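Bear in mind the structure is a predicted one, so any value in this text is a computation, not a measurement. Heads up: numbering here begins at 1 and tracks the sequence.
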Amino acid sequence: MTTDPQRFRQELTDHLDWFAERGRKVRFWWRDDDAIEPTPALERMLSLANTHTVDLAFAVIPKMATKALAERFADEPHALVLQHGWQHKNFQRKDLGEKAAELGSRRDPDQLMAELKAGHDRHLELFGDKFVKAMVPPWNRIDPEISRRLPGIGLSGLSTFTWHNFPRAHQLQSHIDILKWKKQVRFIGWESARLRFDLQLTRRRNTGTEPVGLLTHHLVHDDGCFEFLEIFLEIAAHHEGAEWPDVKSLFGENGSWPFG
């Protein structure tokens, strides 16, 4: 069965109406991975964020980040930067069936932390107060020891995907990846998008205020991804049953724990 955009629109609106009718709001946030330089796709993302006045947190790879990207972000009111590992390189053993990770169990922790500290310092130099002090592990995987040591190098925040990794203060998950990665990278389709949002929004009728995290990867988006973002933001960024807190506050950089 296929689902057209109209069914997605209606069901998303119905969910948000339910919250609005009860004086409640679903919180959303948006993370986009792998930025290193300005591109036409990145320009489309910035345009969407500005059109709908929502923050967009770019997970930028420090080793490859360019001054041109820093200059492009400098005057963008809704562009924030997170740290995406150091070089986005896999160090796990694929031949042993291990899943890809840069911040995994195969690294010497001291060497890895030195790299991550260099990445922290480079982001601070390039992006200044645009840099939110949070780590996004490449492939959303991180060894527990590395996670525990992040605050010691100035990275109090952490963002992974869904239920991966144990919870901690200032950990902000992403929940809905709009890409299908196997075989050919492409938009997941309207039916999958509908079902994933239905799951997350139904859960939040009965749970706390954890934001629903939208995950994108602008460098590999097809037209379907951008069409989805336009339709989703037309509704979710403007509905009285939704809100988009600023990303710095979500990671606790205002000094408070963001989930009440």
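Residue pairs satisfying the salt bridge (charged side-chain N to carboxylate O under 4.0 Å, His left out) criterion with at least one member in residues 218-240, sequence neighbours excluded, are listed as follows: Arg9-Glu234. Screening residues 37-62 for salt bridge (charged side-chain N to carboxylate O under 4.0 Å, His left out) gives Glu43-Arg72 as the qualifying pairs, with residues at least two apart or on separate chains. Annotation: salt bridge (charged side-chain N to carboxylate O under 4.0 Å, His left out) contacts involving residues 173-189, sequence neighbours excluded, are absent. For residues 121-130, the set of pairs meeting the side chain to side chain donor-acceptor pair (under 3.5 Å) definition, not counting sequence neighbours, comprises Lys117-Asp121.
In terms of heavy-atom proximity, Ala68 sits nearest to Pro38 at O-CG, 3.7 Å. Of all heavy-atom pairs between Ser147 and Pro151, the closest is O-CD, 3.7 Å. Considering every non-hydrogen atom in both Leu16 and Ala236, the closest pair reads CD1-CA, 4.0 Å. Closest approach of Pro211 and Trp29 over heavy atoms only: CB-CD1, 4.0 Å.
A donor-acceptor distance shorter than 3.5 angstrom exists from the side chain of Gln92 to the backbone of Ser105, with no hydrogens or angles considered. Ser192 contributes no side-chain N or O that, together with a main-chain N or O of Gly189, makes up a donor-acceptor pair within less than 3.5 Å. At least one donor-acceptor pair under 3.5 Å links the side chain of Gln83 to the backbone N or O of Leu116. In terms of modelled atom types and a separation under 3.5 Å, the side chain of Ser159 and the main chain of Val136 share no donor-acceptor contact.
Counting Ile, Leu, Val, Met, Phe, Trp and Tyr side chains that sit under 4.5 Å apart, directly or through other members, Leu195 stands alone, with no cluster partners. Under a 4.5 Å side-chain heavy-atom criterion applied to ILVMFWY residues, the cluster that includes Ile61 comprises Ile36, Met64 as well.
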Fill in: Step-by-step side-chain contact (heavy atoms from CB on, under 4.5 Å) determination, Leu96 to Arg106
CA-CA 12 Å; Leu96 298 179; Arg106 294 285 175 183; 3.4 Å; yes

Item to complete: Start with the C-alpha gap between Phe228 and Trp190, add the side-chain angles, then the distance that decides, and say whether ring pair (Phe, Tyr, Trp, His ring centres under 6.0 Å) holds.
Response: CA-CA 8 Å; Phe228 165 81; Trp190 290 104; 5.7 Å; yes

Fill in: side-chain hydrogen bond (donor to acceptor under 3.5 Å, both in side chains) assessment of Arg204 paired with Gln200
CA-CA 6 Å; Arg204 278 155 186 77; Gln200 296 299 330; 2.8 Å; yes

Discussion item. Using salt bridge (charged side-chain N to carboxylate O under 4.0 Å, His left out), reason through Asp143 and Arg149 one step at a time and then give a plain yes or no.
Written reply: CA-CA 10 Å; Asp143 184 79; Arg149 293 174 64 169; over 6 Å; no

Worksheet entry | Derivation of the side-chain hydrogen bond (donor to acceptor under 3.5 Å, both in side chains) call for Gln173 and Thr160 | CA-CA 5 Å; Gln173 300 289 58; Thr160 55; 2.7 Å; yes

Worksheet entry | Residue pair Arg196, His175: steps toward the side-chain hydrogen bond (donor to acceptor under 3.5 Å, both in side chains) verdict | CA-CA 8 Å; Arg196 294 180 192 190; His175 301 94; over 6 Å; no

Discussion item. Go through it in stages, so that I can follow the logic: the residues are Val81 and Leu126, the test is side-chain contact (heavy atoms from CB on, under 4.5 Å), and I'd like the CA-CA distance, side-chain angles, deciding distance and then a yes or no.
Written reply: CA-CA 10 Å; Val81 171; Leu126 281 173; over 6 Å; no

Item to complete: List the steps and the verdict of side-chain contact (heavy atoms from CB on, under 4.5 Å) for Leu229 and Leu214.
Response: CA-CA 10 Å; Leu229 289 171; Leu214 177 68; 3.8 Å; yes

Item to complete: Assess whether side-chain contact (heavy atoms from CB on, under 4.5 Å) is satisfied between Ile176 and Phe28, documenting all intermediate values.
Response: CA-CA 11 Å; Ile176 299 169; Phe28 292 94; over 6 Å; no

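In terms of the ring pair (Phe, Tyr, Trp, His ring centres under 6.0 Å) criterion, residue partners of Phe226 (sequence neighbours excluded) are, by chain and number, His221. Residues forming a side chain to side chain donor-acceptor pair (under 3.5 Å) with His120 (at least two apart in sequence, or on another chain): none. For Asp33, the side chain to side chain donor-acceptor pair (under 3.5 Å) partners at least two apart in sequence or on another chain are Arg31. In this structure His239 satisfies the side chain to side chain donor-acceptor pair (under 3.5 Å) test together with Asp17, sequence neighbours excluded. Listed by chain and number, the residues in a side chain to side chain donor-acceptor pair (under 3.5 Å) with Asp75 amount to none (sequence neighbours excluded). Taking the ring pair (Phe, Tyr, Trp, His ring centres under 6.0 Å) definition, one finds that Trp18 meets it with nothing, sequence neighbours left out.
Between the NE2 atom of His15 and the CD atom of Gln10 there is a distance of 11.5 Å, given to the nearest 0.5 Å. The NE2 atom of His88 sits 10.0 Å away from atom CG of Leu103, with the distance rounded to the nearest 0.5 Å. Note that the CG atom of Asp32 and the CG atom of Leu219 stand 7.5 Å from one another [nearest 0.5 Å]. Here Met45 contributes atom CE and Leu42 contributes atom CG; the two are 7.5 Å apart, rounded to the nearest 0.5 Å. Atom OG of Ser47 is separated from atom NE2 of His52 by 8.0 Å, given to the nearest 0.5 angstrom. Distance check, rounded to the nearest 0.5 Å: CZ of Arg7 to CZ of Arg194 gives 3.5 Å.
Between Lys67 and Glu71 no salt bridge is recorded (no basic side-chain N to carboxylate O distance below 4.0 Å). The existence of a salt bridge linking Glu145 and Arg148 is excluded, since no basic side-chain nitrogen approaches an acidic carboxylate oxygen closer than 4.0 Å. With respect to the salt-bridge test (charged N to carboxylate O, under 4.0 angstrom), the residues Glu243 and Lys25 do not qualify.
Phe251 is listed as a side-chain neighbour of Leu82, based on a closest heavy-atom distance under 4.5 Å. Residues Leu201 and Leu12 are in side-chain contact: their nearest non-hydrogen atoms beyond the backbone lie under 4.5 Å apart. In this structure, Leu233 and Thr51 have side chains that are not in contact, with every pair of non-hydrogen atoms separated by 4.5 Å or more. Looking at Phe19 and Arg205, their side chains come closer than 4.5 Å, going by heavy atoms from C-beta outward. In this structure, the side chains of His84 and Pro138 come closer than 4.5 Å at one or more pairs of heavy atoms. Side chains of Phe197 and Val26 form no contact here, defined as non-hydrogen atoms less than 4.5 Å apart.
Exactly one of Phe58, Phe187, Trp181, Trp139 qualifies for a ring-ring contact (aromatic ring centres under 6.0 Å, His included) with His217. That residue is Trp181. Remark: of the listed residues His78, His218, Glu76, Glu76 is the sole one forming a side chain to side chain contact (heavy atoms under 4.5 Å, CB included) with Leu46.
Using cut-offs of 30° and 60° for the angle between ring planes, the Phe127 and Phe73 rings count as tilted.
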